[in-house]
Amino acid sequence: MPMRRQEPEALSRSASKLLRRLYGQRHLQVMALLGVLWIVVFHYVPMYGIVIAFKDFNITAPISEAPWVGLEHFQAFLEDDSLADVVKNTIGMSVLKLLFGFPLPIVFALFLNELRSVRYKKAVQTISYLPHFLSWVILGGILATWLADVGIVNRLLLAMNLIEEPISYLAEPGYFWTIIVTSDIWKELGWSAIIYLAAISGVSPEMYEAATMDGAGRFQKMIYVTLPAIKGTITILFILAVSGILNSNFDQILVLKNQLNESASNVVDVYVYQVGLKQSRFSYATAVGLLKSFISLALLLSANYITKRLNNTSLF
């Protein structure tokens, strides 16, 4: 009997202690609850609309009244004549971004960390991540001006005698992938390097001192000390990058695409936008988006499994 009396008392004390702790953190708790509420309202509640991928939905009637059609929209997408170009463009640009855009922030962070002048280091870092805060509407206009027939790029190439006549870069499908990958790196290089710089700052100075005593130079320290120390961060970001291969930058491509380069700029996200909104085929567009999400999930699980087997580092 005494033991049974002590148990409710212990639970009461624990609950009282928890309530006092939550009250002390009430401002942080309110901020966290607002974030949770935002996720629930804008991410989980709208998931009910996924069912229209399996229905013949009409915007003039409720979703519940739409007739079921099963996998008809998925089959229609797989039989679409533009499927090959859409998949090729999406995967092609995403793989190029992964090959060039993923390692460059790591290299940039490693060399930026080696700068001894704090003022110069801050200036370089500020200039490098400044484009991240500009929207693609602004950057797209800048790129369109630079790459025009009378733009700065053509003027420089003509002055250096590298070309004989101006080139309309945005009108040539052959240049579109290069423009997309290069401009994406230019915009996100500095911002992406911030995560690696934060990870590098957590490396113990004793490891660098031990490497110096062993005769290692600055480049050797980067290879044998810094890189292994941030391996976990690199692995996690690589897994996320692989899972987003089908998620092309919609804003960037929509701003830079036109009818002349459509053969190289038609990706899944743009295709869904054109079919779903312009043609009002909401069920079809939802089916395409849902199929893309399933493939992205499979890529995430595969990349997570492979990296876990290779270096014992993974998301879960």
Side-chain angles (χ1 to χ4, degrees), residues 28 31 35 93-143 145-147 151-153 156 160 178-244 247 249 251-252 255-256 307 311 313-315:
L28 295 176
M31 292 176 62
M93 281 186 278
S94 297
V95 169
L96 289 176
K97 287 182 180 180
L98 186 64
L99 290 177
F100 297 100
F102 182 79
L104 281 178
I106 302 173
V107 176
F108 179 73
L110 290 173
F111 282 99
L112 191 62
N113 184 63
E114 295 297 321
L115 294 178
R116 292 294 178 257
S117 175
V118 178
R119 181 178 298 179
Y120 182 68
K121 180 178 180 179
K122 289 183 178 179
V124 172
Q125 189 173 0
T126 302
I127 294 172
S128 65
Y129 69 62
L130 185 61
H132 171 81
F133 298 99
L134 299 177
S135 68
W136 275 113
V137 175
I138 298 174
L139 291 181
I142 294 174
L143 288 173
T145 303
W146 286 357
L147 299 173
I152 187 173
V153 175
L156 287 175
M160 298 170 63
T178 303
I179 294 171
I180 290 296
V181 174
T182 305
S183 59
D184 184 75
I185 293 174
W186 168 51
K187 187 176 187 294
E188 301 297 340
L189 176 66
W191 184 259
S192 300
I194 292 178
I195 299 178
Y196 300 110
L197 286 170
I200 292 172
S201 65
V203 181
S204 174
E206 297 178 356
M207 299 179 65
Y208 292 108
E209 295 174 359
T212 302
M213 295 180 63
D214 290 339
R218 296 177 67 179
F219 184 76
Q220 291 174 318
K221 292 178 186 177
M222 290 168 54
I223 300 299
Y224 299 108
V225 178
T226 308
L227 271 178
I230 64 173
K231 181 183 67 174
T233 303
I234 295 174
T235 301
I236 297 301
L237 293 178
F238 177 77
I239 294 173
L240 296 176
V242 170
S243 65
N247 296 324
N249 196 329
D251 296 341
Q252 178 191 20
V255 168
L256 296 176
T307 53
N311 57 20
T313 304
S314 60
L315 281 173

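For the single chain, residues carry numbers from 1 onward in sequence order.
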Using atom types as modelled, flag every donor-acceptor pair under 3.5 Å from a side chain in residues 227-237 to any protein atom, sequence neighbours excluded.
from, atom 1, to, atom 2, distance (Å)
Thr235, OG1, Lys231, O, 2.8
Thr235, OG1, Asn311, ND2, 3.3

Open item on the list: Considering only residues two or more places apart or on different chains, which pairs with a residue in residues 219-241 satisfy ring-ring contact (aromatic ring centres under 6.0 Å, His included)?
Closed with: Phe102-Phe238
Open item on the list: Going by the rule side chain to side chain contact (heavy atoms under 4.5 Å, CB included), which residues pair with Ile142 if we only count those two or more places apart in sequence or in a different chain?
Closed with: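 For Ile142, the residues satisfying side chain to side chain contact (heavy atoms under 4.5 Å, CB included) (neighbours in sequence not counted) are Ile138, Leu139, Trp146.
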Expected list for residues 196-203: side-chain donor-acceptor pairs under 3.5 angstrom, two or more places apart:
from, atom 1, to, atom 2, distance (Å)
Ser201, OG, Ala198, O, 2.5

- [ ] Check ring pair (Phe, Tyr, Trp, His ring centres under 6.0 Å) between Trp191 and all other residues, then give those that pass, not counting sequence neighbours.
- [x] His132, Phe133
Task: Minimum heavy-atom distance between Gly217 and Gln220, given as atom pair plus value - done: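 Smallest heavy-atom distance, with atoms named: N-OE1, 2.8 Å.
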Report the residues that fulfil side-chain hydrogen bond (donor to acceptor under 3.5 Å, both in side chains) with [X], sequence neighbours left out, ordered by chain and then residue number.
X      : value
Asp251 : none
Lys187 : none
Tyr208 : Thr226
Thr212 : Lys221

Side-chain donor-acceptor contacts of residues 103-111 below 3.5 Å, not counting sequence neighbours, with atom names and distances?
none

Open item on the list: Can you pull out every side-chain hydrogen bond (donor to acceptor under 3.5 Å, both in side chains) where at least one residue sits in residues 104-120? Sequence neighbours excluded, please.
Closed with: Glu114-Arg218
TODO: Could you tell me whether Ile152 atom CD1 has more than 12 heavy atoms of other residues or ligands within 6.0 Å of it?
DONE: no
TODO: Answer whether the closest heavy-atom distance between the side chains of Lys97 and Asn249 falls below 4.5 Å.
DONE: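 In contact.
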Open item on the list: Within the 4.5 Å heavy-atom criterion, are Val181 and Asp184 side-chain neighbours or not?
Closed with: no
- [ ] Apply side chain to side chain contact (heavy atoms under 4.5 Å, CB included) to the pair Leu115 and Leu112, showing each step before the final yes or no.
- [x] CA-CA 6 Å; Leu115 294 178; Leu112 191 62; 3.5 Å; yes
Open item on the list: Donor-acceptor check, side chain of Ser183 to backbone of Ile180, threshold 3.5 angstrom: yes or no?
Closed with: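 Between the backbone of Ile180 and the side chain of Ser183 there is a qualifying donor-acceptor contact (under 3.5 Å).
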